[in-house]
Student: 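Pasting a structure here, questions to come.
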Amino acid sequence: MKKVITYGTYDLLHQGHINLLQRAKALGDYLIVGVTNDNFDRERGKLNVVNNVLERVEAVKATGLADKIIIEDYFGQKIDDIQKYDVDIFTIGSDWMGEFDYLKEFCEVVYLPRTEGISSTMLRGEKQKKTRIGIVGCGLIAKRFVPETSYVSGTEIIGVYDIDKAIGDEFARRNNIPNSYASFDGMLHDVDAVYVATPHLSHYEYSKRAIESGKHVLCEIPLALEKKQAEELYSLAEQNDVILIEANKTAHCPAFNHLMVMIKSGAIGEVVDVEASLSRLLPDRTRREFDAAQAGGSMYESAVYPLLPIFRLLGTEYSEMHLYSRMENGVDIYTKGVIRYPKAVCSFKLGLGVKTEGNLVISGTKGYAYVQAPWWKTDYFELRYEDQNKNKKFFYKWDGEGLRYEIQEWISCIINKRHGSARLTKDESIAMAGVMQQFTERKNFSEI
Ligand code: CTP
């Protein structure tokens, strides 16, 4: 019996897939079809697959062409499968020409001509209305945002607005963005959604104006420096039926999310302590980050990151919080925060002029989680136990600048009309603004 194997995502199953499966089947007597797992697709950078793995398996099954369907979970699995199932022929569409020649050591490799004029990407494009995005604020983070959107289908950056028109013009030219607007309102008129990438103090104002014009907003951190402002923005977003997401990249990264769900499922027992730290040594003190008038300082710059695992694991209802800061020219170059819960205590360390070990340690009654620095761009973590034989390491991918994950979640919320993301809830984001406010008001605050 001649065994044939082929692999694919088979999203929105189409005639191209069916033709391929028919021809694959005709190459032998028994056809095995590998369908990619959702996580594996995400790792490969396929972020917008519409059907989940169960739906895709069902669709392949319904063709009646597969004798066996397997799930493709990891890079390198093809060699394992070929050996395990004693496969004679590996086949795939001609779009992969040459890519799988390394399998010739194990079986025959056949590239079948691809059906012209159809693909899942095309069908996804037809299904989803493109979200027209405008960027306000053409600085460093906006520069990173542009290439990252190309990994999220259904997006189109159609314009930018910068308070300094010349900067906006230059940014649009360099990034092939069609419009640089002379006014924010002008841009609002033409877009469906706005990415707010301006300095901190204008986040609230721009987000509010965009939301009130019925536009979806992805706002850079921190969303707001006052609790009331954050509450207002979320309730305006609901009233105007638009999606507001705070652009906390850690919240949307695959490894961090997996770590959180594992801990919530009891992997280290009851959480008793979370310690999180991040710091940057910036020698140039003339930068915005050191300017009190522009809300510089380590708290406003990065407190939302350590607050994320703390609030996610222990909730936003802490009993007290104390902040200790080293101030220089009105900005905190270092802050340590201690947050007490009835049955847990957490701390975070933030530095802009002080270097700390930037890791995350979550201690529980059965073990602890360790995420090495820089933990906020988590691609690897460990669960450690008293019995070291039980220790486990987990590896993931952090692609590019990591902004694609938050953009994907934002677009997914927009398409599916999902108000609020479970990865960073409205309550968590509001509580983070509350922490900023406590710092601004110097409540429970000590200078060191
Ligand atoms: N295929 C084909 N003809 C097409 C589309 C796909 O022969 N028009 C083949 C691919 O070469 C592959 C299999 O079908 O062997 C599964 O491909 P998959 O990547 O799932 O489909 P695409 O439509 O190419 O998906 P995408 O647009 O997401 O890349």
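Counting starts at 1 for both ligands and their atoms, following the listed order.
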Student: Can you sort out which atoms of ligand 1 are near Ile118, meaning under 4.0 Å from one of its heavy atoms?
Tutor: 4 (C), 5 (C), 8 (N)

Student: Using a 4.0 Å cut-off to any heavy atom of Ser119, which atoms of ligand 1 qualify?
Tutor: 23 (O), 27 (O)

Student: Using a 4.0 Å heavy-atom cut-off, say whether Thr121 meets ligand 1 through its side chain, its backbone, both or neither.
Tutor: both

Student: Less than 6.0 Å separating the ring centroids of Tyr206 and Phe184?
Tutor: yes

Student: Only heavy atoms of Ser120, strictly under 4.0 Å: list the atoms of ligand 1 that pass.
Tutor: 21 (O), 22 (P), 23 (O), 25 (O), 26 (P), 27 (O), 28 (O)

Student: Hey, mind stepping through Glu220 and Tyr195 against side-chain hydrogen bond (donor to acceptor under 3.5 Å, both in side chains) and telling me if it holds?
Tutor: CA-CA 8 Å; Glu220 259 314 318; Tyr195 173 51; 2.7 Å; yes

Student: For Tyr10, take its heavy atoms, then give the atoms of ligand 1 lying under 4.0 Å from any of them.
Tutor: 16 (C), 20 (O)

Student: May I have the step-by-step check of salt bridge (charged side-chain N to carboxylate O under 4.0 Å, His left out) for Arg56 and Asp38, ending in yes or no?
Tutor: CA-CA 10 Å; Arg56 291 182 286 113; Asp38 296 334; 2.7 Å; yes

Student: Enumerate the atoms of ligand 1 whose separation from the nearest heavy atom of Asp95 is less than 4.0 angstrom.
Tutor: 10 (C), 11 (O)

Student: Side chains of Leu233 and Lys208: does their closest heavy-atom pair fall under 4.5 Å?
Tutor: yes

Student: Asn257 side chain to Ala251 main-chain N or O, any donor-acceptor pair under 3.5 Å?
Tutor: yes

Student: Counting heavy atoms only, name the option from Arg56, Met122, Arg114 that's nearest to atom 5 (C) of ligand 1.
Tutor: Arg114

Student: Looking at every heavy atom in both Val60 and Leu13, which two are closest together, and how far apart are they?
Tutor: CG2-CD1, 4.1 Å

Student: Count the heavy atoms of every other residue, nucleotide or ligand shown that sit under 6.0 Å from NZ of Lys355, and state whether that count exceeds 12.
Tutor: yes

Student: At less than 4.0 angstrom from any non-hydrogen atom of Leu20, what atoms of ligand 1 do you find?
Tutor: 7 (O), 9 (C), 14 (O), 15 (O)

Student: Does ligand 1 come near enough to Arg23 that some N or O of the ligand is less than 3.5 Å from an N or O of the residue?
Tutor: no

